[in-house]
Amino acid sequence: MAFLEFDGIVQSFGQVKAVDNVSLSVKQGEVFSLLGPSGCGKTTLLRICAGFQRPQAGRVILNGEDITDLPPDKRKVNTVFQNYALFPNLNVYDNIAFGLRIARRPEGEIRRSVDRMLDLIDLTEHAKKRVNEISGGQKQRVAIARALVNQPKVLLLDEPLAALDLKLRQRMLVELDNIHDEVGITFLYVTHDQGEAMSISDTIAVMNQGRVEQVGNPVEIYEAPRSSFVAAFIGDTNFFDGTVREVSGDYSLVDIDGFGRVSVYNDKKVRIGGLVHLSLRPEKLLIHSNRPAEREHYNIFKGIVEEAVYLGSQTKYWVRVGDYRVAVMRQHRRFLLDEKPIIWNDEVWLEWSGDDGYMLERYSEADEALLSLPDPDPEPDEDDGDNVAAPAEPEQPLPAEPGGGA
């Protein structure tokens, strides 16, 4: 049974439909993430849950109670914001105690509750420090403790790690997971970062243009994307279009331009002559300097390396096969100084299992813009021509959300 439900939520701003008839069910005690790009409606949905906005249609139900019309302070829901929203004139202890004092709890209860929170976030020794005297990660822990001290039924986290650097985000993800395990309440987590969502979530709802594209656990979302948007937004992938020519048991032979007939596992209902769209993750492909031995239901094709980007633990290649530029990720399991590396303009062989090409239910050519691709006309270094690094795509900051602390 659902603990938190969004039932047919609709919210528009002018001509823009931010949330378009969204229905979701969240189980008690799970970490449920709303994942998607800026403007997809995830933060609007969270603000509706918090009571900061009222939906134009639909209901929010918490533990069987319709809370759609309740003001924020009457809901057992607290929010942790991206910008912390701490009181700079108060120390760590008083920031955490603020909500309890507003609720006029006895001082002894406040002391016990705040001490428990300080111990939970490992900041007991910093209790008397002003918030401008602690680090960004510590500030975020204080914001989480301040939200949890009131014992909400649901904790809403709105891009809680976006203001932190990479290493600190990674560490805070572990700490958030530990805090969730300790307190056991429901987390509704909003993020545009796929890695965060995959790391911390029990369930992920991928949103795009106000609608839910897919709901599932992280493995389902990554390994079995239903649409080209989910396949391209979560990690990286290759898209192939083909026509089914043969169906034999669990596998089909699909004609793909430049590849010929490709063996594909029938994870969808197919018919001879039908068009299929495949998603194939770069790490599912193997790249060889020499033609590999034939294996049942494995596909082997020759190509030319157009780009090679060394990333330390792995190298990413783009290989030209017919009209396709195929992304391949090669993990560096061993380091051999005498091994000849695969470099730009090398002739190579690609190999993948028919089990690894996943058939999509929905495909849009526009979603190919989400893929990681090198420059269309690479100009290799005239000296040696290999390992030309692709430029990093700048991360777009999300607009700040109004609102106070929990």
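Y324 places a side-chain heavy atom less than 4.5 Å from the side chain of F259. In this structure, the side chains of E351 and I287 stay at 4.5 Å or more apart for every pair of heavy atoms. At a threshold of 4.5 Å between non-hydrogen side-chain atoms, the residues R75 and I67 count as touching. Contact annotation: the side chain of I343 never approaches that of N345 to less than 4.5 Å [non-hydrogen atoms, C-beta and beyond]. Using a 4.5 Å heavy-atom cutoff, the side chains of R54 and Q11 are not in contact. Side-chain contact between L168 and Q140 is absent, with no heavy atoms from C-beta onward closer than 4.5 Å. At least one side-chain heavy atom of L120 sits less than 4.5 Å from a side-chain heavy atom of L148.
Minimum interatomic distance between A18 and T44 (heavy atoms only, all atoms of both residues): CB-OG1, 4.1 Å. The two residues S252 and V247 have their closest heavy-atom pair at OG-CG2, 3.8 Å. Residues I9 and G58 share a closest heavy-atom pair of CD1-C, 3.9 Å. Across all their heavy atoms, I204 and S201 have their closest contact at CG1-CB, 3.6 Å. Shortest non-hydrogen contact noted between A50 and V77 is CA-CG1, 4.3 Å. Residue S263 comes nearest to H297 through the heavy atom pair OG-ND1, 3.5 Å, listed as atom of the first residue, atom of the second, then distance.
Qualifying ring pair (Phe, Tyr, Trp, His ring centres under 6.0 Å) partners for F187, counting only residues two or more places apart in sequence or in other chains: H180.
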Please lay out, stage by stage, how T191 and D193 fare under the test side chain to side chain donor-acceptor pair (under 3.5 Å). CA-CA 5 Å; T191 182; D193 188 299; 5.3 Å; no
Let's go through E196 and Y189 carefully: what are the C-alpha distance in whole Å and the side-chain angles of both, what is the deciding distance for side chain to side chain donor-acceptor pair (under 3.5 Å) to 0.1 Å, and is it a yes or a no? CA-CA 10 Å; E196 282 184 24; Y189 192 99; 2.7 Å; yes
Kindly indicate, with the supporting measurements, whether the criterion side chain to side chain donor-acceptor pair (under 3.5 Å) is fulfilled by H277 and S228. CA-CA 9 Å; H277 300 282; S228 53; over 6 Å; no
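The pair E306-R325 meets the salt-bridge criterion, since a charged nitrogen lies less than 4.0 angstrom from a carboxylate oxygen. Looking at E65 and K76, no side-chain N of the basic residue comes within less than 4.0 Å of a carboxylate O on the acidic one, giving no salt bridge.
Side-chain polar atoms of T203 and E30 form a donor-acceptor pair below 3.5 angstrom. Using modelled atom types, one finds a donor on one side chain and an acceptor on the other under 3.5 Å when comparing T237 with S279. With no hydrogens or angles considered, a side-chain donor-acceptor pair links E368 and Y363 at under 3.5 Å. Side-chain polar atoms of S38 and H192 form no donor-acceptor pair below 3.5 angstrom.
Checked by atom type and distance alone, the side chain of S353 pairs as donor or acceptor with a backbone atom of D355 at under 3.5 Å. At least one donor-acceptor pair closer than 3.5 Å links the side chain of Q194 to the backbone N or O of F233. N217 places no side-chain N or O within 3.5 Å of a backbone atom of D202 that could act as its donor or acceptor partner. Listed for the N238 side chain is a donor-acceptor partner under 3.5 Å among the backbone atoms of A327.
Below 30°, between 30° and 60°, or above 60°: for F240 and W352 the angle between ring planes is below 30°, a parallel geometry.
Both tests pass for R281 against the ring of Y222: distance under 6.0 Å to the centre and angle within 45° of the axis. Taking the centre and axis of the six-membered ring of Y298, the NZ or CZ atom of R295 falls inside the cone set by 45° and 6.0 Å. The cationic group of K128 lies under 6.0 Å from the six-membered ring centre of Y93 and within 45° of the ring axis, placing it in a cation-pi geometry.
The aromatic ring centroids of W344 and Y317 lie 6.0 Å or more from each other.
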